[in-house]
Number of protein chains: 2
Amino acid sequence: MLVDTGSCDAFGTACSHRRPRNSCVDCKVRPISVCSVLALDELAVLETLGQHLSLDKRQVLYGQEEPAEAVFNVIDGSLRLTRLLSDGRRQVMGFALPGDFLGLAREDRFSVSAEALTPVTVCRFERRAFGALVDDKPHLLRSLHERAGHELTLAQDQMLLLGRRTAEERVASFLVGLRERYARMGRASVTLELPMGRQDMADYLGLTIETVSRMLTRLDRERTVLIVPGGVRLLDPARLEALAAS
Amino acid sequence: MLVDTGSCDAFGTACSHRRPRNSCVDCKVRPISVCSVLALDELAVLETLGQHLSLDKRQVLYGQEEPAEAVFNVIDGSLRLTRLLSDGRRQVMGFALPGDFLGLAREDRFSVSAEALTPVTVCRFERRAFGALVDDKPHLLRSLHERAGHELTLAQDQMLLLGRRTAEERVASFLVGLRERYARMGRASVTLELPMGRQDMADYLGLTIETVSRMLTRLDRERTVLIVPGGVRLLDPARLEALAAS
DNA sequence: CGCGCACTTGACTTGTGTCAAACTAGGTGG
DNA sequence: CCACCTAGTTTGACACAAGTCAAGTGCGCG
């Protein structure tokens, strides 16, 4: 892990180099992150607590069962949140994208491990310091709690998917859900970047890599999607939503 | 739904009849509920906001997608939290037991429906009034948030179970988990009451009723458990934990 | 006593997993 | 610039865990 000294970000966006330290006020993800509930003077305080951190692809931000000494706000890139069973079976609990907050659980140990799928930039806060700020700002706590509630709803969606949906429905549902997430981030498009590999999708959907591959091929053959390098283009989003059967 | 006028509770515990209204101070589940973080004077306020409510077996406390006009604390009995797919497929998201709080999500609509599996007593709070109290008492909000974090961890356990475990592991894991929950409620025992039917277990574990039945029979035949009317006795808890493979 | 409901059991089917081989694209070095 | 290597992905043939369908069993209740 390296402290970001102001280098250009991973997706190639132009970067000013004017500021030696990160500034919350013009943070790219502020409007979609927990920080959006903070006033300007509160942001100034936050700015003194947080530090940018850059990860290379495949670097681990934190590991399952590790003491949770920090919480993070994702600025750029995407991460995989994984839980491992002792015999090697893996379940991907989710993918973190810009604007997501990591460490919601507020427990003393992480319940999943987080690894970078692409080069990643996060804003890191010492748990103690962040906790003190939260205790001082009830509206921040409320915002975190609302996020936790939303996460819980998403977790329920996923339980329904894992417990009761067919392989085709899972894959369709995954693509539709990803599209909605990108849309909420302001990246609405019919072409979806898939920063995760097939194995990650499989471990997220409770399937094998082969089944995911077969379902994508099927969707491709019937012209519902078009598989492109590094992602997927949705040719018939309506049909995909019908298949997702939510 | 009937307002509890002070009748004896469903599990046959003696009931004083001294009090026309419920008293938080000597509430049976206070030590294990969110209310445990409130001081005596705060409890007095809470007492004016809450009302006991009794449900018969099979009665619906609230339905999925219904506007969430109230939140609840379970006092007695057990409920099933269900999510339904349009074509009838069902996923049981969990079972609520005494001490559990319903309505954590703090969203405007319920994401699941809640039905009584046994006669149930809950403490009902108007959402607006309860929300106002929460806004006034940050430590209550923190307690709710901690609960939400815990729920999230449990949801992740369940996702791992649904995505990656075999039928036998699921059933074993369910029994072990239920035992731990009862233990935390002060009902530690090797004999577990199962207030839910086989179909509910199946819908919780992402299996069919037949598979659940077969796995229980298998556990019974190999003397790991003993199936008794209305529940299960754990004959070899260690073996069950090994099968659960957590 | 007998009806109804929940549960169990058996025979068979099937969706998804497993194993193994072939393909593809991106990167590296001769 | 092309040949090779590697890692990820796709495809095919086959196996099996769990689902489906259809009887049975047993128990509680009127």
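Quick caveat, the model's predicted, so the values are computed rather than measured. Note on naming: letters A, B, ... go to the chains in the order of the sequence lines (proteins, then strands), and numbering restarts at 1 for each one.
Across B:Arg89, B:Arg90, B:Gln91, a single residue satisfies side-chain hydrogen bond (donor to acceptor under 3.5 Å, both in side chains) together with B:Asp203, and that is B:Arg90. Between B:Ser113 and the choices B:Glu65, B:Gln64, B:Arg83, the side-chain contact (heavy atoms from CB on, under 4.5 Å) rule is met once, by B:Gln64. Checking B:Val190, B:Thr224, B:Leu226 one by one against B:Leu234, the side-chain contact (heavy atoms from CB on, under 4.5 Å) holds for a single residue, B:Val190.
The base of C:dT9 is not paired with the side chain of B:Arg221 by any donor and acceptor separated by under 3.5 Å. For A:Arg214 against C:dG15, a side-chain-to-base donor-acceptor contact under 3.5 Å is absent.
Atom CE in A:Met196 sits about 15 Å away from atom P in D:dG8, given to the nearest Å. Following rounding to the nearest Å, A:Leu162 (CG) and D:dA18 (C1') show an atom-to-atom distance of 16 Å. The distance between atom CZ of A:Arg164 and atom C1' of D:dA18, rounded to the nearest whole Å, is 11 Å. Rounded to a whole Å, the CD atom of A:Gln199 is 10 Å from the C1' atom of D:dG8. The nearest whole Å value for the distance from the CD1 atom in A:Ile227 to the C1' atom in D:dT11 is 13 Å. The nearest whole Å value for the distance from the CZ atom in A:Arg218 to the P atom in C:dG15 is 9 Å. Per the geometry, CD1 belonging to B:Ile209 stands 13 Å off C1' belonging to D:dG19, to the nearest Å. Taking atom CG on B:Asp203 and atom P on C:dA6, their separation rounds to 14 Å, with Å as the unit.
Contact annotation for B:Leu216: no contact, since no heavy-atom pair falls under 4.0 Å across all strands. Nucleic acid contact for A:Gly230: none, since no nucleic acid atom lies under 4.0 Å from a heavy atom of the residue. Contact annotation for A:Arg58: backbone-only contact, meaning every heavy-atom pair under 4.0 Å involves sugar-phosphate atoms and none involves a base.
Where A:Val212 and B:Arg198 each meet DNA chain C at their nearest nucleotide, the meeting point lying more 5' is that of B:Arg198.
Note on B:Thr217: a side-chain N or O is less than 4.0 Å away from OP1 or OP2 of C:dT9.
Comparing D:dA18, C:dT9, D:dT10 by their closest approach to the side chain of B:Thr211 singles out D:dA18. Of all nucleotides listed (C:dT18, D:dG19, C:dT8), C:dT8 comes nearest to the side chain of B:Ser213. Side-chain proximity of A:Thr166 to the nucleotides C:dT16, C:dT18, D:dG19 is greatest for C:dT16. Taking the side chain of B:Leu207 as heavy atoms from C-beta on, and the options D:dT10, D:dA13, D:dA18, the nearest nucleotide is D:dA18. Looking at the side chain of A:Glu210, the nearest of the listed nucleotides D:dG19, C:dT18, D:dC21 is C:dT18.
With values rounded to the nearest 0.5 angstrom, B:Arg109 atom CZ is found 14.5 Å from B:Tyr62 atom OH. Taken from CZ in A:Arg170 to CE in A:Met215, the straight-line distance is 10.5 Å, to the nearest 0.5 Å.
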